[in-house]
*Asks:* 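Dumping the structure here so I can ask a few things about it.
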Amino acid sequence: MIKVLFVCLGNICRSPMAEFIFKNMVDKKNLSEKFYIDSAATSCYNEINKEGIYIEVKKILKEMKIPFNEHISKQITKEDYKKFDYILVMEEKNIFDILKIIEKDSKNKIFRLLDFSNNPKNISDPWYTGDFYSAYYDIVYGCEKFLEYIIKNNKF
Ligand code: 4NP
């Protein structure tokens with residue numbers, strides 16, 4: 001089983017969107033039992049306030065017919081680093097913030113999601129840009145390319 005943790009700053013916009021987009025993608029390929037998929041934040045603010053998925057993200061997931069569960073923000077832990085095989089972040093700053101918690105990416109598990117694509121770049125934070133569709137399409141593209149990488153390289 002491949003364990004994948006999506007990570008962003010708040011765990012209420014991009015990483016839960018990635019979690020449910022990727023769950024849906026692997027489900028459509030009948031690969032659900034091959035993956036364990038979750039998401040987390042680098043910050044603790046939304047965990048303290050028990051924030052769920054942001055309303056704009058829920059709207060897009062509904063519009064795109066992507067199933068999702070209620071999800072409460074949680075901060076990434078050192079144990080998560082041990083548990084997961086891939087830690088897929090949205091932007092460079094997420095890596096910097098994760099390293100403050102886990103100290104070192106000794107097993108080379110941390111990647112930006114779009115580093116698996118032909119257009120490696122950060123996925124901008126829609127919490128600040130207000131552009132939830134750009135985040136959605138970047139995440140779909142990144143998830144497709146990541147899944148392609150896993151399948152092509154027979155990582156199962
Ligand atoms: P996310 O967006 O990292 O994509 O979940 C954010 C959501 C909330 C906050 C920051 C980023 N916040 O500061 O509350």
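Counting convention: from 1, in listed order, for ligands and their atoms alike. Nothing here was measured: the structure is a model prediction, and the numbers come from that model.
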*Asks:* Just checking, any donor-acceptor pair under 3.5 angstrom between side chains of E144 and Y149?
*Replies:*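 Looking only at side-chain atoms, Y149 and E144 do not form any donor-acceptor pair under 3.5 Å.
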
*Asks:* Do Y81 and D105 meet the criterion of a side-chain donor-acceptor pair at a distance under 3.5 Å?
*Replies:*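 Yes - a donor-acceptor pair under 3.5 Å links their side chains.
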
*Asks:* Looking at residues at least two apart in the chain, or sitting in another chain, which of them share a salt bridge (Lys or Arg N to Asp or Glu O under 4.0 Å) with D80?
*Replies:*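 None.
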
*Asks:* With sequence neighbours left out, write down each residue that passes ring-ring contact (aromatic ring centres under 6.0 Å, His included) with Y54, or none if nothing qualifies.
*Replies:*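 Y54: ring-ring contact (aromatic ring centres under 6.0 Å, His included) contacts with W127, F132.
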
*Asks:* Going by atom types only, do T42 and N94 share a side-chain donor-acceptor pair under 3.5 Å?
*Replies:*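 Short answer, no.
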
*Asks:* Heavy atoms under 4.0 Å from ligand 1: which residues qualify?
*Replies:*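 Its neighbours under 4.0 Å (heavy atoms only) are C8, L9, G10, N11, I12, C13, R14, Y45, N46, D125, W127, Y128, given by chain and number.
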
*Asks:* Suppose we screen for ring-ring contact (aromatic ring centres under 6.0 Å, His included). Which residues come up paired with F35, at least two apart in sequence or across chains?
*Replies:*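 Listed in chain order: F22, F156.
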
